[in-house]
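Read through the structure below, which is laid out as structure tokens, and then see the notes.
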Number of protein chains: 2
Amino acid sequence: MDTSIKKKRVRGRLSREMIEDAAFNVIETEGLSGFSMRKLAAALGCEAMSIYHHFPSVAHLHEALVDRLVGSLEMPDAGLPWRQRMRIAIEDFRRIGRDHPAYATFLVTYRMNSPICLAWLNGILSLFRDGGFDTELSARLFRAVGYYLMGAVLDENAGYAKGPSAVNTVGDEQLARDFPNVMAAGRFFGAAEFDKTFELGLDMLLDEMERLRDGAGAGQLSGKV
Amino acid sequence: MDTSIKKKRVRGRLSREMIEDAAFNVIETEGLSGFSMRKLAAALGCEAMSIYHHFPSVAHLHEALVDRLVGSLEMPDAGLPWRQRMRIAIEDFRRIGRDHPAYATFLVTYRMNSPICLAWLNGILSLFRDGGFDTELSARLFRAVGYYLMGAVLDENAGYAKGPSAVNTVGDEQLARDFPNVMAAGRFFGAAEFDKTFELGLDMLLDEMERLRDGAGAGQLSGKV
DNA sequence: AAATGAACCTTACACTGTAAGTTGTCAAGC
DNA sequence: GCTTGACAACTTACAGTGTAAGGTTCATTT
């Protein structure tokens with residue numbers, strides 16, 4: 001005799017959106033590596049295989065998650081000054097990383113080939129073009145700035161400040177003795193310093209881009225930091 | 001009756017170094033996600049659990065791998081001009097990524113807290129100090145340049161040029177129609193363009209650092225690209 | 001009322017890292 | 001030469017993973 005309480009099976013209870021919501025939740029509570037279809041199912045109150053009716057594989061689910069994050073990005077108002085537009089677009093991406101810290105590693109590792117991601121890339125490249133750069137320089141500057149942005153998102157959400165991932169860690173006294181520069185710099189590596197550090201690097205790149213566009217005008221960075 | 005051929009069990013046949021070598025091999029041939037203790041054991045001609053005698057867990061093994069890569073880095077000759085020293089140190093790290101492309105994702109994701117990694121970080125921070133920056137600016141510039149470097153290593157080894165990771169990919173005709181900027185820029189995203197793009201961004205950052213140090217001198221980037 | 005098909009569940013398989021226990025082999029001491 | 005002990009490698013087993021295959025239930029359409 002089956003004494004177990006039968007879960008009421010309701011058709012159409014699940015939806016892609018619900019599953020995505022729950023997936024973000026599980027990822028942020030369990031961590032990216034702690035995420036699994038079974039845990040996701042548990043969070044949804046269903047069986048793992050039920051999810052496969054809505055997403056044919058975890059890869060498809062992940063793509064949907066990335067698409068939702070990237071799809072939420074809007075291009076900055078074209079009426080604003082170029083530097084401000086560029087800054088806003090960059091900070092917007094950085095923000096979706098901060099909003100989903102556990103997912104950030106996946107986000108920056110993901111190769112953006114879906115239509116939604118390509119649309120965003122296309123818009124950003126257009127923004128570079130608006131800066132007055134030709135195709136080649138737009139592409140290279142996009143890449144260079146993108147490197148900086150991706151590295152920052154990675155570090156800010158999964159980096160040094162999140163604690164050690166090493167197995168053989170080093171205590172504070174050894175740190176002070178053997179690695180004094182790391183010890184001293186550590187004060188500026190914490191989460192409270194992310195914004196200021198990011199702004200410094202971003203301003204450096206923005207300054208250089210404006211300089212490149214204006215044909216290497218006089219230095220403009222004096223006394224800024 | 002056991003008709004299987006008995007593998008000769010030899011004491012001391014395995015060593016940490018052998019295992020690390022094989023691990024790099026398996027990772028580069030099978031990919032980072034295709035790596036497993038069982039495949040590593042198969043490559044070594046032993047059983048999975050034998051590896052645990054030398055490394056208590058995969059985490060320990062990974063730490064050893066990162067340590068070996070980072071530990072192979074030497075600080076550039078202190079007699080060279082500062083800009084050249086910085087460039088060499090950065091390119092050296094970039095090179096270990098290129099030498100182990102499948103491992104690059106792990107490398108940039110790894111939080112460097114082992115003594116060997118801390119020693120390297122300490123040396124790099126010292127290099128920034130040698131540039132004439134105080135503790136705070138050294139720390140922030142180290143981070144900013146590090147962001148750029150990590151993002152580059154990530155893209156160059158696991159990024160767009162490595163093909164789609166998306167499930168819903170976009171064909172060339174749709175790319176040309178709907179995402180013309182991506183299409184046009186794609187020509188500069190290939191592996192053959194990595195060096196030139198990386199140099200552009202690196203020069204931008206180095207220029208800005210020298211400008212910061214020299215108190216915003218005259219522009220020097222004119223006509224460089 | 002019967003048929004259809006979507007939505008969900010059950011079971012099963014090959015894979016993972018690794019804890020626990022066993023066996024084979026070599027070196028040292030007698 | 002024999003015994004002993006330690007160590008290195010192996011065997012087994014378990015809980016976890018993604019997901020293929022097939023079964024069940026139920027709202028909708030006819």
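In what follows, chains are A, B, ... by sequence order, proteins preceding strands, each numbered from 1. Remember, it's a predicted structure, so these values are computed and weren't measured experimentally.
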Next on the checklist: Could you check, using the six-membered ring where one of them is a Trp, whether A/F189 and B/F142 have ring centers closer than 6.0 angstrom?
Outcome noted: yes

Next on the checklist: Under 4.0 Å between a side-chain nitrogen and a carboxylate oxygen: does that hold for A/E156 and B/R143?
Outcome noted: no

Next on the checklist: Quick check on C/dA6: is either OP1 or OP2 less than 4.0 Å from any side-chain nitrogen or oxygen of A/H54?
Outcome noted: no

Item to check | A/F35 CZ - D/dG18 P separation (whole Å) | outcome: 7 Å

Next on the checklist: Can you identify which nucleotide, out of D/dT17, D/dA9, C/dG17, has its nearest atom closest to the A/K39 side chain?
Outcome noted: D/dT17

Checklist entry - Expressed in angstrom and rounded to an integer, what is the separation of B/L61 atom CG from C/dT18 atom P? => result 10 Å

Checklist entry - Is any side-chain N or O of B/S50 closer than 4.0 Å to OP1 or OP2 of D/dC10? => result yes

Item to check | Of the listed nucleotides C/dC9, D/dA9, D/dT19, the one nearest the side chain of B/R13 | outcome: D/dA9

Next on the checklist: Check for me whether the distance between the ring centres of B/Y110 and B/F106 falls short of 6.0 Å.
Outcome noted: yes

Checklist entry - Which is it for B/V182 and B/Y160 under the side-chain contact (heavy atoms from CB on, under 4.5 Å) test, yes or no, and what are the steps along the way? => result CA-CA 11 Å; B/V182 177; B/Y160 191 91; 3.7 Å; yes

Checklist entry - Is A/R38 side chain donor-acceptor paired with the D/dG18 base, going by distance under 3.5 Å alone? => result yes

Checklist outcome for this item: With the side chain defined as heavy atoms from C-beta on, A/H53 is closest, among C/dA6, C/dT11, C/dT18, to C/dA6

Item to check | B/V58 side-chain proximity, nearest of C/dC9, C/dG17, D/dT19 | outcome: C/dG17

Checklist outcome for this item: From CD of B/E47 across to P of C/dT18 the rounded distance in Å is 17 Å

Next on the checklist: Please pick, from C/dT11, C/dC8, D/dG18, the nucleotide with the shortest atom-to-atom distance to any side-chain atom of A/S36.
Outcome noted: D/dG18

